[in-house]
Structure formats: C-alpha cells, structure tokens
Peer 1: 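So that we are looking at the same thing, I have put the structure below in structure tokens.
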There are 2 protein chains.
Amino acid sequence: MSRPGLRERKKQKTRLALIDAALDLFAEQGYDATTVDQIAAAVDVSPRTFFRYFATKEDVALSLDADGQEILLAELAARPAEEPPFTALGRAMNTMITILEQGDTADRSRFLKARELIESTPALFAGGVRMMMQNERLLVAEIARREGMSPDDLLPHFAVSLFTAAIRVGLEACGPGQLNDLSDLTRHVDRVMELAERSLRPGWDRPAPGDGTASGAGPGSGEGTAGDGSVPDGRE
Amino acid sequence: MSRPGLRERKKQKTRLALIDAALDLFAEQGYDATTVDQIAAAVDVSPRTFFRYFATKEDVALSLDADGQEILLAELAARPAEEPPFTALGRAMNTMITILEQGDTADRSRFLKARELIESTPALFAGGVRMMMQNERLLVAEIARREGMSPDDLLPHFAVSLFTAAIRVGLEACGPGQLNDLSDLTRHVDRVMELAERSLRPGWDRPAPGDGTASGAGPGSGEGTAGDGSVPDGRE
DNA sequence: TTGTCAGTTGTCAGTGACTGCCATAAATTA
DNA sequence: TAATTTATGGCAGTCACTGACAACTGACAA
C-alpha cells in the first residue's frame, strides 16, 4: 500500500497538532477560557484554518470520540448475523476499544485525555451526548438491516437506545482521574453491560416467535396516522 | 393567597410573550435563521432584556420542557415508596402529562409547538437531550434516596438511564406533525414503556434479595481502585 | 524540468450570540 | 411623598463562526 502522499500526511499532522494543542489548553485553563485563536496560535495556523479542520470549537475535543463511533459502527456491521442485536452491539464495543488499544502511546493518551475532558466539561459532555444520539440513528439502521426489520420498528430503536444508555452509565462511572488506561474503560463498560444482561429477559432482543407484527407496524399498518407503533425518521 | 404583585405578573407575561414570539418565528423561518433581535423586536423589548429572561437562544424553546422536567421530579418524589424505581418513574411521567393537560388551551398548544420544534431542529434537539441528562442526575439522586442506596450505586443510574432512553424513543416516535394533542404523547410514551416492561425481568429494578452489595462489583473484583461498582459525581 | 491544476492557507470584513457596565424608569416600601 | 429595590435600555466589547478572494504548495503530466 502506497503512503497517502505528502499533502495528506501534512493534513493529518496538522489535525493532530490542533487536537493536542487544544486538549492541553483546555486542561490548563479550562474549555470556556480557551479561545480558538489561542489554539490556532499554538499550532502556528490561522484561526480560519482551524475551522477548516473542525466545524466548531467543541469538535476538536470530540473528534476522537467521533472516530471511535465510526469504528463501532463498522465493527457492528462485521458481527455475525446470528448474534442478537444487544449482544452484537456489546461485542462491537469491545472490539472498538481493542482497536483503540492498538494505537501507539500518543494516540491512546490523547484519547483518554479527550474523554476525561469531555466528562468533566459540561459543554463538551452535552456535545458528546449529541454525537452519540446522531450515531444512534446509524446503529438503528444497521440493526434493522441485520434483523430484516423496518428501521421504523420500535424494537431496534429501543435496543440501541438501551445500549447507548448503558454505555453512558459506563462512561460516567469513570470518575475524574479514574481513567488512566483503556482497560479502565473496558472494565466500567463491561460492568454495566453485565448488569443490563442480568436485568433483561433472554430473547427480549428479538421479536417474540410467532409475533408476525414484531413490535408493531409491519408492512401494511392500515391507517397512516400516529401511534402505529413505528418511529419515523423525522429529522432533516 | 395574594396575587404575586404587578411586577411579577408583568414578568411572567413578558416571558410567555417572548416564548410565543420565538416559537412563531422559529416555525416560520427556522431556528437558525431567526435572530434574538427579531424575537426581542416582536415583543418590543431590547435584546439585552431577552437575555435577562433566557440565558441562551436555545433556552427560550427549551424552557417549557424544563418546566415539565421539574414537575416530573416533584411527582417522582410524591410516589409511594413501595413502587419500584422504574414503575415510579413511569407513573410520575404520566402524572406530569396529566398536569400539563390541565393547563389552558394556550399553554397546551404552546407546549406541543415547542416539542415539535425541538424534535425537528437538530440544535434544539441536542439542547433538549442535554437538559434531560442534567435532570437525570436529580432523578438518580431521588431514586437512590427512595431506595436507601448510595447515589453512587450503579443500579439507580442504570434504571434512570433506561427510563430516559425509553422516553426519548417515545418522543422520537412522535414524528413531524403527529403531535396534535398531549394524548398523542402519552400514547407513544406508554407504548415504549410497555415494551420496556415486557423486555425486563420482574424485580430487575431492585437489588437481588440477599445481595448485600446491590449491583456492585461482583464477587472477586479484588482491587479497591477504580471500578468498584460505583459511579462518582464527577461534574462541578 | 516546467507548466498546469487542484487543494490548502491566510487575510479581511462581517454576522450574530452573549456579557459587563451604567444610567434610567418603574414598582415596592417606608 | 421620599427612599429603596428591581427591571430595563443602550453601548461597547468579546468570541465563535462564515464567505470571498488572493497567495501558496503539493500532485501530476507533458
């Protein structure tokens, strides 16, 4: 495989430099007190360029999480179809962390630094949740595809929502300063996932056998009005 | 009871006027395309004053939801202690909607208008989720109190997180234009809550009998460092 | 090597959210 | 009516973010 070319390499370098500078400044003086100009100056780049790399100031801290979620989605798609939705999601999550663990030391510490910052900064925390919700859509679509259900069906929505809820509890459980290693993350997440498995009925994950309509709205649910057990896409 | 005095009444009037004007403008020209100056002008108030009523532009659309969540919390506190957490949360939610239904027509339509706007506007949607997460903390604290558990215990966190996840799915299920009445909201939310009840083991809600450590750190997680089955507060 | 082209960057001017400050006006209380 | 509190308006300023244009720099082919 040929290397990506000088231009591309330079871009990645700048991107990482911006992230590192931002993370350092945020940790030092706080997120709100840090201006984009400072970050740009630290990397010797114009503020305008910063916004060519990251759409918002939030994004520079959130981008690593975004990468992670992309991996999660890809890994979910790679899970065998026999695995029920929730199991597949959990395994994909573990694989994702494993992949993160394979990065070099700088990558790993950068990721952990970002996570800690996100959890301890209200503005970033909100942004992180926002991202997770956006990703939720994609996860729902993938689960629906795997299971051969409509993406409007309630069950995939519920399953994915439950999954992200569990992950969030796991992430919150990594208190301040408790996140020294990616294995800490795995441990916390696994604990919550186990609690979830323990709390749920076996097979909740998939439509009850003989339940043709699954959890509602099969193909021709007569009335097109509301309350037919489906959930529309609804956002542009 | 003596009426709140002219000053207070005037303030409430301005607040509602700002909300109404904002909701109309948002619906007309979109959230992003509407400036705070426009909203203020529509109510004949200086932009500076707008920010004395609402900390951010988002808040003017989110404030009704915020009121709702406050009610939810109060109703949860009023539920009998015998009810297990998830049940109590669900009942409190229903009561909250009932209370909203008791407002006058203007109040109700305002609320529905705001909800529809929030669901259809990415920026507002994100803000709404943010709010819900903040409220989640309070719900966790209340559940922990009811159950006599530490607010750091994993179980209340999981239960509340699951609850809000279900509510969110219910809210998303109210597609665009499908929210004509508060009863639509009840219907969608109830459907998801039923799915949740059906999916969960009876009693998952409360620590297993004889399980001293509640949901904590199963047997054999020796190290007393992180991951002891608790979740710290972690935000200032 | 050189010229062309596409992608990247800096500069600049501008919009809009949001804040602190101070003077003024209105409501409350004495 | 006078004194005090509280809401408001105006203003100047900061900061996130954007569009437009010009200068630069790798990529690539002649």
Side-chain angles (χ1 to χ4, degrees), chain A residues 1-19 21-23 25-26 28-63 117 121-128 130-131, chain B residues 1-19 21-23 25-26 28-63 117 121-124 126-127 130-131:
Chain A
M1 59 185 249
S2 54
R3 232 207 325 265
L6 174 57
R7 191 170 248 159
E8 191 59 26
R9 268 179 289 150
K10 224 172 173 179
K11 249 175 77 168
Q12 290 314 319
K13 207 177 125 194
T14 307
R15 185 182 122 98
L16 285 184
L18 282 171
I19 295 179
L23 256 32
L25 286 168
F26 290 163
E28 233 175 86
Q29 12 173 309
Y31 174 77
D32 291 318
T34 304
T35 68
V36 171
D37 288 31
Q38 287 176 330
I39 303 172
V43 186
D44 220 59
V45 155
S46 86
R48 188 65 184 87
T49 294
F50 174 93
F51 286 109
R52 291 206 175 88
Y53 280 84
F54 305 100
T56 69
K57 181 175 147 188
E58 272 185 14
D59 280 8
V60 71
L62 261 30
S63 63
L117 211 57
T121 309
L124 290 178
F125 180 75
R130 195 194 72 218
M131 254 194 27
Chain B
M1 59 182 246
S2 54
R3 232 209 321 269
L6 173 59
R7 190 169 246 157
E8 191 59 26
R9 268 177 291 148
K10 224 172 174 178
K11 249 176 76 169
Q12 290 313 316
K13 208 177 120 193
T14 306
R15 185 184 120 98
L16 285 184
L18 282 170
I19 295 179
L23 254 31
L25 286 168
F26 290 164
E28 233 176 87
Q29 11 174 306
Y31 174 77
D32 291 318
T34 303
T35 69
V36 171
D37 289 29
Q38 288 177 329
I39 303 172
V43 186
D44 220 59
V45 157
S46 84
R48 188 66 185 85
T49 296
F50 175 93
F51 286 109
R52 288 205 176 89
Y53 281 83
F54 304 100
T56 68
K57 182 175 146 188
E58 270 185 12
D59 279 8
V60 71
L62 261 30
S63 63
L117 212 57
T121 308
L124 290 178
R130 195 195 70 217
M131 256 194 26

Peer 1: Can you check whether B/Lys11 has a side-chain N or O nearer than 4.0 Å to OP1 or OP2 of D/dA7?
Peer 2: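 Indeed, a polar side-chain atom of B/Lys11 lies that close.
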
Peer 1: Has the side chain of B/Thr49 got a donor or acceptor atom that lies under 3.5 Å from a matching backbone atom of B/Val45?
Peer 2: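 Pair absent, no side-chain N/O of B/Thr49 close to backbone of B/Val45.
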
Peer 1: Rounding to an integer number of Å, can you tell me how far A/Leu124 CG sits from D/dA16 P?
Peer 2: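 That distance rounds to 13 Å.
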
Peer 1: To the nearest 0.5 angstrom, please state how far the CG atom of A/Leu62 sits from the CG atom of A/Asp59.
Peer 2: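 Going from CG on A/Leu62 over to CG on A/Asp59, the span is 6.5 Å.
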
Peer 1: Distance check needed: C/dG7 P versus A/Arg9 CZ, whole Å only.
Peer 2: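 Atom CZ in A/Arg9 sits about 19 Å away from atom P in C/dG7.
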
Peer 1: Over how many whole Å does the gap from B/Leu18 atom CG to D/dG9 atom P extend?
Peer 2: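 Rounding to the nearest Å, CG of B/Leu18 and P of D/dG9 are 10 Å apart.
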
Peer 1: Would you confirm whether B/Lys57, through its side chain, and B/Tyr31, through its main-chain N or O, come within 3.5 Å as a donor-acceptor pair?
Peer 2: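 Pair found, side chain donor or acceptor close to backbone of B/Tyr31.
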
Peer 1: Say you draw a straight line from CD of A/Gln12 to CZ of A/Arg15; how long is it, rounded to the nearest 0.5 Å?
Peer 2: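 One finds 6.0 Å between CD of A/Gln12 and CZ of A/Arg15.
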
Peer 1: Under 4.5 Å between any side-chain heavy atoms of B/Tyr53 and B/Val60, yes or no?
Peer 2: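 B/Tyr53 vs B/Val60: side chains apart.
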
Peer 1: With rounding to the nearest 0.5 Å, note down the distance linking CZ in A/Arg7 to NZ in A/Lys11.
Peer 2: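 A/Arg7 atom CZ to A/Lys11 atom NZ measures 9.0 Å (nearest 0.5 Å).
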
Peer 1: As a check on the pairing definition, encode DNA chain D in dot-bracket form, counting Watson-Crick and G-U wobble pairs whose two distances are under 3.5 Å, and using | for partners outside this strand.
Peer 2: ||||||||||||||||||||||||||||||

Peer 1: Between A/Arg7 and A/Ser46, which is nearer to the 5' end of DNA chain C once each is assigned its nearest nucleotide?
Peer 2: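 Between the two, 5'-proximity favours A/Arg7.
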
Peer 1: Please give me every residue in residues 29-43 of chain A whose heavy atoms get under 4.0 Å of an atom in DNA chain D, ordered by residue number.
Peer 2: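 Close to the strand are A/Thr34, A/Thr35, A/Val36.
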
Peer 1: For residues 49-59 of chain B, which residues have at least one heavy atom under 4.0 Å from DNA chain D?
Peer 2: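 Hits under 4.0 Å, by residue number: B/Thr49, B/Arg52, B/Tyr53.
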
Peer 1: Write down the distance between CD (B/Glu8) and C1' (D/dT8), rounded to a whole number of angstrom.
Peer 2: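 Atom-to-atom, B/Glu8 to D/dT8, this comes out as 16 Å.
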
Peer 1: Measure the shortest side-chain to side-chain distance between A/Thr56 and A/Phe51 over non-hydrogen atoms and say whether it is less than 4.5 angstrom.
Peer 2: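 Result no, sub-4.5 Å side-chain heavy-atom pair not found.
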
Peer 1: For A/Glu58 and A/Ala123, which heavy atoms make the closest approach, and how far apart are they?
Peer 2: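 Heavy-atom minimum between the residues: OE2-O, 3.6 Å.
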
Peer 1: Test A/Ile39 against every option in A/Leu23, A/Leu25, A/Ile19 by the side-chain contact (heavy atoms from CB on, under 4.5 Å) rule and name the one that passes.
Peer 2: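 With A/Ile39 as partner, side-chain contact (heavy atoms from CB on, under 4.5 Å) holds for just one option, A/Leu25.
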
Peer 1: Just by distance, do the side chain of B/Gln38 and the backbone of B/Thr35 share a donor-acceptor pair under 3.5 Å?
Peer 2: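 It does hold such a pair.
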
Peer 1: Measure CD/B/Gln12 against C1'/D/dT6 and give the value in whole Å, please.
Peer 2: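 In whole Å, D/dT6 C1' and B/Gln12 CD are 15 Å from each other.
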
Peer 1: Do the side chains of A/Phe50 and A/Leu18 get nearer than 4.5 Å, heavy atoms only?
Peer 2: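 When only atoms from C-beta onward are counted, A/Phe50 and A/Leu18 do touch, with a gap below 4.5 Å.
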
Peer 1: Return the value, rounded to whole Å, for the distance between atom CZ of A/Arg48 and atom P of C/dA13.
Peer 2: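 Distance, rounded to whole Å: 15 Å.
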
